[in-house]
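Data first, discussion second: the structure below is written as structure tokens.
Because the structure is predicted, anything quoted here is derived from the model rather than measured.
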Number of protein chains: 2
Amino acid sequence: MSTEDHTEDNGVPAGVTELPAAHGQSLDQASAQPVTASLTRILPEATLARLTQYLRALIKLKASGELRTSSGVLATAAGVNPAILRKDLSLLGSYGTRGVGYVVVELTEHISKALGLLQQWRVAIIGAGNLGRALSGYGGFRSRGFEIAALLDAAPEVIGTTVGDMEVQDIADLESIVQRSKANMAVLSVPGISAQDLCDKLVDCGVRSILSFAPVVLNVPAGVNLRRVDLATELQILAYHAQNLEA
Amino acid sequence: MSTEDHTEDNGVPAGVTELPAAHGQSLDQASAQPVTASLTRILPEATLARLTQYLRALIKLKASGELRTSSGVLATAAGVNPAILRKDLSLLGSYGTRGVGYVVVELTEHISKALGLLQQWRVAIIGAGNLGRALSGYGGFRSRGFEIAALLDAAPEVIGTTVGDMEVQDIADLESIVQRSKANMAVLSVPGISAQDLCDKLVDCGVRSILSFAPVVLNVPAGVNLRRVDLATELQILAYHAQNLEA
DNA sequence: CACTGTGAAGCCATTCACAGCT
DNA sequence: AGCTGTGAATGGCTTCACAGTG
């Protein structure tokens, strides 16, 4: 219905974390890594953001028929420098061949596995305003293992309408809907004023990973992953740089 | 028309930068800062993100009638620790009073000034899909010095319709519209496939600050500010942490 | 010979702890 | 007495440069 909703592939970085996280393990860097070792240990946040970019770049390369690639090519495609790409990948294990490079499909799989994209994630979208609708129609999710499990809103005139192929359900039934739909992630695209309350409810019914677009500081118990994207913040940071560019 | 579009105040951090920027000045930390010194010198990206949070917290405090505050209170409201808040503020100058704290309105102004929010920014939104519409209706922008200057799209059935109080204009006329509307910032909420082309056009007609939601790596000449927010990346990072939380 | 994998160096950001004011 | 402002210490991430290897 319009130009947008960048349904395609490739893209880019983002947020500051927010994970009060108390990851169980304290040791990483175990001595032996017998290759293809399943558990990847803790990856730095910055590395994670870049891995998603490599993944996009790889998918593009595969689509254009490339079988192999190198840190130089991949780095350019992902907009980073080759050294850090190699360092990032080395944190996952040694999946390249010296003097040659990386096998596209192989590397794609290793990164997907490390990121946890081999399992299907079910996302409940809380708030069916424009942002919520944009998200529920965003092709980039479905194509990467994220299934929209439910779409909720509080406004009577919105509840019961359909967005894409999803019916908007009543936010009042959040707990039962989340349980029934087996959602294990949630996106909060609601006004700041209701965000904390809904966040608490999500946590109560077992959701441990939440992406919030609400412009408020949210408190979550340890063990819950919270990421926030703040649109006004983005523009403000841009304004700062714009101001400083002016002669 | 629904629950979302968090029109209110407070909110949170976000993105990884992307500024190939070749900021003129190399010196900062000049010796004397005669207070209220106009030019703030380069602020670290991480500090910028937090400053926007402090600003939100301050606006809330003001709204609830507080005249003064302290690093402890503000830090809690912004979700950071007091030490880094003080360090951040000290980069702007010494606007607090030892033993007392900060005057809310005064600090608000200093931060606004540092961020470049005292001038009016005019934002062209490129792409009037759900995301573009969500952004153009986002109250948090207008209330912070960001005026929506224009809303463009390519789809014939969308051009000419109104969104809020804005008429959607034809993206084919981008150059003239940007010039006439005096837009000095742009938001790209278009499909990845058209993003680079539109980005180039924006740069051509003088826009030097761009916030992109398109899931592609964009190339811009030095001197242009580009920030990117990638929704799929956010979920993927969350997936990683979710996977690692699972016992 | 080309390209990966990685120790070491360098840089940036956060935290600590306390001196300096009011 | 209390809270700011900041040097010093710490920790994490990035870049460098090269040894290792097919």
Chi angles and distances behind the salt bridge (charged side-chain N to carboxylate O under 4.0 Å, His left out) call for A:Glu106, A:Arg68: CA-CA 9 Å; A:Glu106 203 181 292; A:Arg68 298 226 216 83; over 6 Å; no
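Distance B:Leu92 CG to D:dT4 P: 15 Å, rounded to the nearest Å. Between the CZ atom of A:Arg86 and the C1' atom of D:dA19 there is a distance of 12 Å, given to the nearest Å. When rounded to the nearest whole Å, the span between CD1 of A:Ile42 and P of D:dG12 equals 12 Å. The interatomic distance linking B:His110 (NE2) with D:dG5 (P) rounds to 11 Å, in whole Å. Between A:Leu89 atom CG and C:dT4 atom P the separation is 9 Å, expressed in whole Å. Between A:Arg68 atom CZ and C:dA2 atom P there is a gap of 15 Å when expressed in whole angstrom units. In this entry the distance linking OH of B:Tyr95 with P of C:dT22 reads 17 Å, nearest Å. As a whole-Å value, the separation of A:Leu85 CG from D:dC13 P is 17 Å.
With axes fitted over five pairs at each extremity, the angle between the ends of the helix from C:dC1-D:dG22 to C:dT22-D:dA1 is 0° (10° resolution).
Under the 3.5 Å distance criterion, the side-chain polar atoms of A:Gln243 are left unmatched by any main-chain donor or acceptor of A:Leu238. Counting only distance, with no hydrogens or angles, the side chain of B:Gln196 and the backbone of B:Asn219 share a donor-acceptor pair below 3.5 Å. With hydrogens and angles disregarded, a donor-acceptor distance shorter than 3.5 Å links the side chain of B:Trp121 to the backbone of B:Gly116. Formation of a donor-acceptor pair under 3.5 Å by the A:Ser209 side chain with backbone atoms of A:Asn184 is not found in this model. Distance alone, capped at 3.5 Å, is enough to place a donor-acceptor pair between the B:Ser64 side chain and the B:Lys60 backbone. The closest donor-acceptor contact from the side chain of A:Thr47 to the backbone of A:Leu43 lies at 3.5 Å or more, if one exists at all.
Using a 4.5 Å heavy-atom cutoff, the side chains of A:Gln120 and A:Phe146 are not in contact. Residues A:Leu89 and A:Ile111 have side chains in contact (heavy-atom distance under 4.5 Å, counting atoms from C-beta outward). Inter-residue side-chain proximity for A:Arg208 and A:Asn225 is flagged as unmet; no heavy-atom pair is nearer than 4.5 Å.
Distances shown here put every side-chain N or O of B:Ser71 at or beyond 4.0 Å from the OP1 or OP2 atom of D:dC3.
Annotation: proximity of residues 97-109 of chain A to DNA chain C (heavy atom, distance under 4.0 Å) is found for A:Thr97, A:Arg98, A:Gly99, A:Val100, A:Gly101, A:Tyr102, numbered in ascending order.
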Return the polar atom pairs (N/O with N/O) between nucleotides 13-15 of chain C and the protein under 3.5 Å, or none.
residue	atom	partner	partner atom	Å
C:dT14	OP1	B:Arg50	NH1	2.6
C:dT14	OP2	B:Arg50	NH1	3.2
C:dT14	OP2	B:Arg50	NH2	2.8
C:dT15	OP2	B:Asn81	ND2	2.7
C:dT15	O4	B:Lys87	NZ	3.4

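Between the side chains of A:Ser212 and A:Arg228, no donor N or O sits under 3.5 Å from an acceptor N or O.
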